[in-house]
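First up is the structure itself, then whatever we jot down about it.
Model, not experiment: these values are computed from the prediction.
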Amino acid sequence: MKIMKKQIESGFTLLELLVVLGILAMLAGIVGPQVMKHMGEAKTKSARVQIEDLSATLDMYKLDLGTYPTSEEGLRALIEAPDTAKRWNGPYLQKSKIPLDPWQQEFHYVSPGEHGKFDLFSLGADNREGGEGEDQDILSWE
């Protein structure tokens, strides 16, 4: 005679799943804004580093040519020799395109600048002058 064992199926009930989903939603509501805040700060810090790197690259350009690129030549002079550049020793950037800021906007370059030999800046997430937090301007002269 065979004894049949009854297999017990185990799993989660709908109520247990709803409780877990509720807990996950509460955690996302608490943690999500904090993560987004840190992402905005990281983009701002990244823009500052990019401006410092581009400023150093512009200084290398000046060492070779004796002057910074004009506003008309812009940052493009770091990857393509301007017509007026006789001692151009570039490209001065590793990649063949000018980097964009962390918000995928072009950096603004003015030479001669109002605040120094050149002004290099990003207008932040909103791409408008002024702002706070992630919308603040990141400037080479500060």
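Considering NZ of Lys62 and NZ of Lys117, their distance stands at 6.0 Å, rounded to 0.5 Å. The distance from the CG atom of Leu78 to the CG atom of Leu54 is 7.0 Å, given to the nearest 0.5 Å.
In this structure the side chain of His108 never reaches within 4.5 angstrom of the side chain of Leu120, judged on heavy atoms. Using a 4.5 Å heavy-atom threshold, the side chains of Leu58 and Leu75 count as touching. Looking at Leu123 and Ile138, their side chains never come closer than 4.5 Å, going by heavy atoms from C-beta outward. For the pair Phe118/Pro69, no side-chain contact is recorded, criterion being any heavy-atom separation below 4.5 Å from C-beta on. Between Phe121 and Ser140 there is no side-chain heavy-atom pair separated by less than 4.5 Å. Here the side chains of Asp119 and Trp141 are in contact, with some heavy-atom distance below 4.5 Å.
In this structure Glu132 satisfies the side chain to side chain contact (heavy atoms under 4.5 Å, CB included) test with no other residue, sequence neighbours excluded. For Asp53, the side chain to side chain contact (heavy atoms under 4.5 Å, CB included) test picks out Val49, with sequence neighbours left out.
By the neighbour-count criterion of 12 heavy atoms within 6.0 Å, atom CD of Glu129 is sparsely surrounded, having that number or fewer from other residues, nucleotides or ligands.
Of the possible polar contacts, one joining the Ser55 side chain to the Ile51 backbone as a donor-acceptor pair under 3.5 Å is found. Under a 3.5 Å cut-off, the side chain of Asp126 and the backbone N or O of Arg128 do form a donor-acceptor pair. For Ser111 (side chain) and Tyr68 (main-chain N/O), no donor-acceptor pair under 3.5 Å exists by modelled atom type.
Grouping Ile, Leu, Val, Met, Phe, Trp and Tyr by side-chain contacts under 4.5 Å, direct or through others, puts Ile23 with Val19, Leu27.
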Just list the side-chain donor-acceptor pairs under 3.5 Å for residues 90-101, sequence neighbours left out, or say none.
residue : atom : partner : partner atom : Å
Tyr92   : OH   : Asp64   : OD2          : 2.6
Tyr92   : OH   : Asn89   : N            : 2.9
Asp101  : OD1  : Trp103  : N            : 2.9
Asp101  : OD1  : Gln104  : N            : 3.1
Asp101  : OD1  : Gln105  : N            : 2.8
Asp101  : OD2  : Ser122  : OG           : 2.7

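Listed by first then second residue, pairs satisfying salt bridge (charged side-chain N to carboxylate O under 4.0 Å, His left out) with a partner in residues 67-82 read Arg76-Glu80, not counting sequence neighbours.
Across all non-hydrogen atoms, the minimal contact from Trp88 to Ala77 is NE1-O, 2.8 Å.
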